[in-house]
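A short write-up of the structure that comes next.
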Amino acid sequence: MLLIDKYAYTNKIRCYSPQAKILLACGTIIISRIINNYYFDLLTIILMSVLIVGIAKIPCKAYFKMLLIPLSFLLVSIVAIVISVNDVNYIYCFKLINSYIGITYESFNTGAKLFTTVLSSLTSVYFLILTTPIIDIIKVLKKLKVPSLFIELMVLIYRSIFIFIEEANNIHMAQTMKFGYENKRNSLKSISLLIRNLFLRIFIKHNEMNISLECKLYDGEFKLGD
């Protein structure tokens with residue numbers, strides 16, 4: 001089971017109205033885009049973090065660890081935006097050959113705004129997925145008359161994530177038991193084999209899932225109990 005899925009089913013506000021949680025998460029994202037203000041973004045980040053860690057009782061260490069992955073990609077993007085070449089009004093710069101490279105007031109403000117905007121949206125999404133099981137989200141979408149095709153794709157993608165991680169863990173465990181990561185040479189070889197075998201196993205699992213759905217007379221709609 002994914003760690004996110006585990007927390008979605010075991011957090012302290014699991015039984016609260018999924019409609020309210022979806023409204024809160026989506027509402028803060030929409031309002032923050034409309035207001036477009038640093039302080040509102042920071043308030044959203046603090047509010048969502050308090051709800052996740054303080055109210056839902058998601059472990060603080062696990063929460064921030066999950067934030068690190070998207071934040072790493074965000075920081076790389078921001079670096080490309082913040083750094084300017086041969087500009088004016090530098091906060092800090094250094095000379096490289098015949099060019100000046102540094103950070104200007106404008107680029108810093110742009111980078112800081114992008115960081116708070118993305119992080120506020122990210123914490124809102126994390127609040128929803130860490131406190132609301134996927135089955136509850138799907139039920140709300142069905143009540144809102146969201147097209148069945150969208151819900152079907154959502155369920156299949158969600159299921160595919162589990163299949164992908166499960167197969168990757170099984171292959172990695174088998175390679176580890178055979179000392180596949182004992183040194184750098186073996187590690188590179190094992191990783192290449194893992195990637196190749198993983199795609200083959202994914203296709204096999206996908207075909208098995210299609211056969212299973214056909215045996216259950218799947219008609220293009222996933223039946224969910226109330």
(message) If you compare all heavy atoms of Y181 against all heavy atoms of S190, which two are closest, and at what distance to 0.1 Å?
(response) CZ-CB, 3.7 Å
(message) Quick check for you: to the nearest 0.5 Å, what is the distance between Y9 atom OH and I4 atom CD1?
(response) 13.5 Å
(request) Nearest 0.5 Å please: distance from the CG atom of N197 over to the CD1 atom of I204. (result) 9.5 Å
(message) Working to the nearest 0.5 angstrom, can you tell me the gap between L51 CG and I13 CD1?
(response) 6.5 Å
(message) Please enumerate all residues that pass side chain to side chain donor-acceptor pair (under 3.5 Å) together with N11, with sequence neighbours excluded.
(response) none
(request) Measure the OG-CD1 distance between S124 and I22 for me, rounded to the nearest 0.5 Å. (result) 13.5 Å
(message) As an exercise, state the distance from CD1 of I129 to CD1 of I137, rounded to the nearest 0.5 Å.
(response) 8.0 Å
(request) Would you indicate whether the side-chain heavy atoms of F64 and L71 approach each other to under 4.5 Å? (result) no
(request) Taking all heavy atoms of I78 and all of G111, pick out the closest pair and write down the distance. (result) CD1-O, 3.8 Å
(request) Verify the distance criterion only: is there a donor paired with an acceptor across the side chains of T28 and T44 at less than 3.5 Å? (result) no
(message) Working to the nearest 0.5 angstrom, can you tell me the gap between F127 CZ and L122 CG?
(response) 14.0 Å
(message) Checking N170 now: which residues fulfil side chain to side chain donor-acceptor pair (under 3.5 Å) with it, not counting sequence neighbours?
(response) none
(request) Determine yes or no for a side-chain-to-main-chain donor-acceptor pair under 3.5 angstrom, with K145 supplying the side chain and K142 the backbone. (result) no
(message) Please give me the minimum heavy-atom distance between Y63 and I58, naming the atom from each residue.
(response) CB-CG2, 4.5 Å
(request) Could you name each residue pair satisfying salt bridge (Lys or Arg N to Asp or Glu O under 4.0 Å) that touches residues 29-44, not counting sequence neighbours? (result) R33-D41, D41-K113
(request) Determine, for D136 against K21, whether the closest basic-nitrogen to carboxylate-oxygen distance falls under 4.0 angstrom. (result) no
